[in-house]
Participant: 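Pasting a structure here, questions to come.
Because the structure is a prediction, the values reported are computed rather than measured. Numbered from 1 within each chain, the chains take letters A, B, ... in sequence-line order.
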Amino acid sequence: MNIAVVVRQVPDLVEPLEIDASGAALDVDEVEFLINETDDHALEQALLLKESGGGSITVVAIDFGQVDDVLYTAAAKGADRIVKIPYDDDDRPPRPAEAAAMIAEAVKDIDAELVLVGSSAHDELEGVLAPLLALKLELPYLGVIRGVKPGEGGSVTAFKEFPGAAMAQMNVKLPAVLGILAADQPPRYVPVSRIRAAMKSTEFEEKETAAAVPEPNVTVLRMHHPEPSGRAEMLTGSEDEVAARLAEILKEKGVVQ
Amino acid sequence: MSAQDILVLAEVNQDAVADITFELLGGARELAGATGGQVVAVLLGHDVAKHAESLSAADRLIVIDDEQLADFSPAPYLAVLESLVGSEGPRAVLAGSTTIGLDVAPMLGAKLNAPVVNACQQVAVEGDLLKITAAICGGKVLAEVEVSASPAVLLILPGSFRPTEETGAATVESRPSPVELHRGAVTFEKMILPAPGDVDITQQDVLVAVGRGIQQEDNMKVAEELAAVLGGELAASRPIIDQGWLPTTRQVGKSGMIVKPKCFIALGVSGAPEHVEGMKDSELIIAVNTDPGAPIFDVADYGVVADLLDVAPALTEAIK
Ligand SMILES: Cc1cc2nc3c(=O)[nH]c(=O)nc-3n(C[C@H](O)[C@H](O)[C@H](O)COP(=O)(O)OP(=O)(O)OC[C@H]3O[C@@H](n4cnc5c(N)ncnc54)[C@H](O)[C@@H]3O)c2cc1C
Ligand SMILES: Nc1ncnc2c1ncn2[C@@H]1O[C@H](COP(=O)(O)O)[C@@H](O)[C@H]1O
């Protein structure tokens with residue numbers, strides 16, 4: 001199966017997130033970027049499908065943040081081709097609709113039967129890339145998926161998450177775009193030595209796009225950090241002091257005798 | 001039908017109206033109060049008319065009953081909504097940030113050339129504008145945005161609006177699908193429910209929930225020991241389930257279980273909105289996290305900024 005996987009960069013939430021001078025955007029210079037977690041799962045799902053049924057994987061990404069690291073890692077994990085889309089704005093990640101327009105152009109050339117992309121990203125504010133990409137490609141879409149199995153006659157079986165740990169088993173005729181939340185297995189680990197080797201052997205294919213980019217129709221006035229609600233009473237002291245106080249609280253509340 | 005109406009996309013899950021729908025109706029009531037329009041609920045499905053009564057807090061309820069809508073699939077849902085929202089022309093469409101909303105609302109917005117805002121927590125009407133606060137980056141950043149175009153398509157985070165308790169007298173309009181529906185490329189086969197046999201975390205008095213802060217599978221025993229002395233059970237955030245360290249039945253949150261134990265201890269859980277949705281109504285919430293800015297401290301009663309690998313064993317000892 002010929003699979004295209006879309007990966008993108010998102011801010012690392014473990015690092016502090018600064019707001020820039022405009023007051024209405026994240027300060028991109030201060031942000032550590034990493035692969036969007038659900039895109040990482042999309043890549044893993046592609047690797048699993050390739051391992052079970054053969055085929056080829058093309059990873060597509062817009063050139064933003066530290067995406068090269070992600071792309072070399074993808075190559076080291078087993079991606080066959082890497083397509084990078086030039087993007088000239090260093091200060092602002094592309095909005096979902098913009099990314100969808102650009103990526104759709106690049107994906108059209110790949111002739112993929114299956115397009116896998118993370119079903120959402122934590123920094124998406126104006127729309128969601130995965131379904132918008134499907135719309136641009138004029139392909140059927142199904143998202144919030146936790147696992148994909150090869151199916152009969154040009155189809156796959158996708159498992160869509162529902163509340164209460166329920167899962168809908170869905171048949172999807174290809175070609176299609178699937179928004180992946182989690183792969184059948186956690187993303188694999190790849191040793192740094194293999195990534196280094198991939199850096200030497202991998203050629204990125206550049207794909208300029210001339211996609212018409214839609215104008216934003218949402219105005220961001222301000223971004224800020226939520227005020228701590230002050231709800232929690234914070235306990236301080238050594239771990240034994242804190243533990244003793246917590247044990248008391250649990251007793252007072254009747255949780256322990 | 002008015003350009004000031006607020007349209008609510010109702011959801012039915014396992015044959016019951018989803019909680020988020022009552023929250024959306026609650027939010028829609030306030031918004032419609034401000035715009036002077038009506039609340040129009042839309043229910044898509046097959047044999048769903050029986051749910052009409054529980055949706056009576058709306059002013060109007062449009063029920064589209066069609067065999068092709070029996071089980072969720074994005075294309076037919078989108079086709080119906082595109083036509084319906086196009087003809088109703090509301091001020092805003094409220095959809096839950098759910099497995100259904102996330103599949104349909106972004107495409108609906110694109111098809112209608114309408115603004116779409118994700119992760120909405122607050123929505124207010126100011127003249128011709130809608131002012132929205134959205135919680136992005138796992139709740140670590142709030143974005144205040146404004147939209148002027150109608151309709152605006154808003155994906156609402158669960159827990160944002162107070163659920164309506166009103167039982168109004170909605171006029172029910174049962175209609176055939178406004179567009180011809182055909183079996184698309186995506187078809188439902190069956191629903192897979194969690195395997196019975198594991199503990200039901202919704203029935204526990206004490207839950208010790210572990211998040212990614214636990215770092216390694218080996219460290220799980222620290223939480224297990226604490227749960228054991230408390231007579232409780234282990235629960236987890238999604239990354240732990242995705243790692244396969246606990247079964248899906250232990251997941252708390254949007255796609256997992258909604259729990260309300262007497263005591264919920266969150267160890268290394270950041271408090272992303274999708275997780276908080278599942279545990280915020282616990283009677284007593286204790287959170288241990290190394291990051292003083294972790295959103296979990298906004299829902300916790302007691303917080304400790306420390307390494308869970310130090311605090312959890314100390315607490316286990318203190319209780320013993
Ligand atoms: C459609 C959808 C549905 C979802 N459904 C769910 C759901 O049902 N349930 C759910 O939980 N999530 C769900 N999520 C995922 C959710 O958005 C978050 O990604 C997830 O809850 C984060 O889990 P976490 O808090 O364990 O990890 P992180 O956000 O990575 O947080 C780890 C925390 O541990 C702290 N920490 C690190 N080391 C230590 C230490 N040594 N001691 C103490 N603290 C430490 C860090 O400061 C951090 O706050 C869903 C997401 C989507 C898009
Ligand atoms: N009205 C509809 N009802 C059901 N499926 C549809 C409808 N319109 C389009 N589809 C399906 O949705 C997918 C995408 O269609 P398109 O809108 O042509 O991009 C295809 O699989 C179509 O068969």
Participant: Heavy-atom pairs under 4.5 Å with chain A: which of V116(B), N118(B), L102(B) has the most?
Facilitator: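 Max contact count across the listed options: N118(B).
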
Participant: Heavy-atom cut-off 4.5 Å, strictly under: side chain, backbone, both or neither for A306(B) against chain A?
Facilitator: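 Neither part.
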
Participant: As an exercise: rank R212(B), K254(B), K262(B) by heavy-atom pairs under 4.5 Å with chain A and give me the winner.
Facilitator: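 The option with the most such pairs is R212(B).
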
Participant: Which of the residues E283(B), K131(B), R238(B) is involved in the greatest number of heavy-atom pairs with chain A at under 4.5 angstrom?
Facilitator: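 Top count of heavy-atom pairs under 4.5 Å with chain A: R238(B).
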
Participant: For the backbone of P261(B) and the side chain of D205(B), can you confirm whether one donor and one acceptor N or O come within less than 3.5 Å of each other?
Facilitator: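 Not a single qualifying donor-acceptor pair exists.
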
Participant: Between R222(A), E37(A), E239(A), which residue shows the highest count of heavy-atom pairs closer than 4.5 Å to chain B?
Facilitator: R222(A)

Participant: Given the options T249(B), I286(B), L230(B), which has more heavy-atom pairs under 4.5 Å with chain A than any of the others?
Facilitator: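 Answer, by heavy-atom pair count under 4.5 Å with chain A: I286(B).
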
Participant: Under 4.5 Å between any side-chain heavy atoms of L137(A) and V107(A), yes or no?
Facilitator: yes

Participant: So which of E124(A), E227(A), Q257(A) has the biggest tally of heavy-atom pairs under 4.5 Å with chain B?
Facilitator: E124(A)

Participant: Sort L142(B) into side chain, backbone, both or neither according to what part of it lies under 4.5 angstrom from a heavy atom of chain A.
Facilitator: both

Participant: Non-hydrogen atoms of chain A under 4.5 Å away: do they reach the side chain of D291(B), the backbone, both or neither?
Facilitator: neither

Participant: Using side-chain heavy atoms (C-beta onward) and a distance below 4.5 Å, is V252(B) in contact with F264(B)?
Facilitator: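 When only atoms from C-beta onward are counted, F264(B) and V252(B) do touch, with a gap below 4.5 Å.
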
Participant: Is E248(A) paired with K251(A) through a side-chain N to carboxylate O contact shorter than 4.0 Å?
Facilitator: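 No.
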
Participant: Side chains of M107(B) and P74(B): closer than 4.5 Å at any heavy-atom pair?
Facilitator: yes

Participant: Heavy-atom distances under 4.5 Å only: say whether L17(A) touches chain B with side chain, backbone, both or neither.
Facilitator: side chain

Participant: Do K160(A) and L142(A) touch side chain to side chain, with heavy atoms closer than 4.5 Å?
Facilitator: yes

Participant: Could you give me the CA-CA distance, side-chain angles and deciding distance for R146(A) and D242(B), then say whether salt bridge (Lys or Arg N to Asp or Glu O under 4.0 Å) is met?
Facilitator: CA-CA 9 Å; R146(A) 276 184 108 133; D242(B) 288 348; 2.8 Å; yes

Participant: If you tally heavy-atom pairs under 4.5 Å against chain A, which of T187(B), V311(B), T202(B), T248(B) wins?
Facilitator: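 When all of T187(B), V311(B), T202(B), T248(B) are compared, T187(B) has the most.
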
Participant: Among S155(A), A166(A), P226(A), P96(A), which has the most heavy-atom pairs under 4.5 Å with chain B?
Facilitator: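 Ranked by heavy-atom pairs under 4.5 Å with chain B, first place is P226(A).
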
Participant: Are R188(A) and E51(A) ion-paired here, with the side-chain N under 4.0 Å from a carboxylate O?
Facilitator: yes

Participant: I'd like to know if the side chain of S73(B) and the backbone of V186(B) have a donor-acceptor N/O pair within less than 3.5 Å.
Facilitator: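 Judged by distance alone, yes, a pair lies under 3.5 Å.
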
Participant: Checking Q14(B) against chain A: side chain, backbone, both or neither under 4.5 Å from a heavy atom?
Facilitator: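 Contact with chain A: side chain only.
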
Participant: In terms of heavy-atom proximity below 4.5 Å to chain B, should S238(A) be classed as side chain, backbone, both, or neither?
Facilitator: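 The answer is neither part of S238(A).
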
Participant: If you compare all heavy atoms of A134(B) against all heavy atoms of L125(A), which two are closest, and at what distance to 0.1 Å?
Facilitator: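 Closest pair (atom of A134(B), atom of L125(A), distance): CB-CD1, 3.5 Å.
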
Participant: Taking every heavy-atom pair that is under 4.5 Å apart, which of V141(B), I258(B), N113(B), D71(B) has the most such pairs with chain A?
Facilitator: V141(B)

Participant: May I ask you to name which of R245(A), E161(A), K253(A), E126(A) has the most heavy-atom pairs under 4.5 Å with chain B?
Facilitator: E161(A)

Participant: Checking L26(A) against chain B: side chain, backbone, both or neither under 4.5 Å from a heavy atom?
Facilitator: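 It is the side chain, since no backbone atom gets that close.
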
Participant: Examine whether an atom of A149(B) lies under 4.5 Å from a heavy atom of chain A, and if so say whether it belongs to the side chain, the backbone or both; otherwise answer neither.
Facilitator: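 Neither part.
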
Participant: Answer with side chain, backbone, both or neither: which region of D103(B) has an atom nearer than 4.5 Å to a non-hydrogen atom of chain A?
Facilitator: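 Both parts, backbone and side chain.
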
Participant: State plainly whether the residues R95(A) and E215(A) are in salt-bridge range, i.e. N to O under 4.0 Å.
Facilitator: no

Participant: R250(B) versus chain A, heavy atoms under 4.5 Å apart: side chain, backbone, both or neither?
Facilitator: neither

Participant: For E146(B), which atoms come within 4.5 Å of any heavy atom of chain A: side chain, backbone, both, or neither?
Facilitator: both

Participant: Given heavy-atom pairs under 4.5 angstrom as the criterion, report whether the side chain, backbone, both or neither of V172(A) touches chain B.
Facilitator: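 Both the backbone and the side chain of V172(A) come within 4.5 Å of chain B.
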
Participant: Using heavy-atom distances under 4.5 Å, tell me whether K190(B) contacts chain A through its side chain, its backbone, both, or neither.
Facilitator: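 Its backbone and side chain both get close to chain A.
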
Participant: Between A176(A) and chain B, with a heavy-atom cut-off of 4.5 Å, which part of the residue counts as in contact: side chain, backbone, both or neither?
Facilitator: neither

Participant: I'd like to verify something: which residue of H41(A), H225(A), M223(A) has the highest number of heavy-atom pairs under 4.5 Å with chain B?
Facilitator: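 Max contact count across the listed options: M223(A).
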
Participant: With a 4.5 Å limit on heavy-atom distance, are the side chains of L132(A) and K136(A) in contact?
Facilitator: no

Participant: For chain B, find which of P216(A), A165(A), A244(A), A182(A) contributes the most heavy-atom pairs closer than 4.5 angstrom.
Facilitator: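 Of the options given, most contacts go to A165(A).
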
Participant: With a 4.5 angstrom heavy-atom cut-off, could you sort out which part of V304(B) is near chain A: side chain, backbone, both or neither?
Facilitator: both

Participant: Do C120(B) and V145(B) come within less than 4.5 Å of each other through their side chains, counting heavy atoms only?
Facilitator: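 Side chain of C120(B) against side chain of V145(B), heavy atoms only: no contact under 4.5 Å found.
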
Participant: With a 4.5 angstrom heavy-atom cut-off, which part of A105(B) approaches chain A: side chain, backbone, both or neither?
Facilitator: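 Neither part, no heavy atoms under 4.5 Å.
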
Participant: Are any of the side-chain heavy atoms of V259(B) and Q204(B) separated by less than 4.5 Å?
Facilitator: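 No, every pair of side-chain atoms sits at 4.5 Å or beyond.
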
Participant: Counting only non-hydrogen atoms closer than 4.5 Å, does V220(A) touch chain B with its backbone (N, CA, C, O), its side chain (CB onward), both, or neither?
Facilitator: both

Participant: Less than 4.5 Å apart, side chain to side chain, heavy atoms only: is that true for I62(A) and R8(A)?
Facilitator: no

Participant: For F188(B) and F72(B), I'd like to know if the aromatic rings sit close, meaning centre-to-centre distance below 6.0 Å.
Facilitator: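 No.
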
Participant: With the threshold set at 4.0 Å, does a side-chain nitrogen-carboxylate oxygen contact exist between E98(A) and R92(A)?
Facilitator: yes

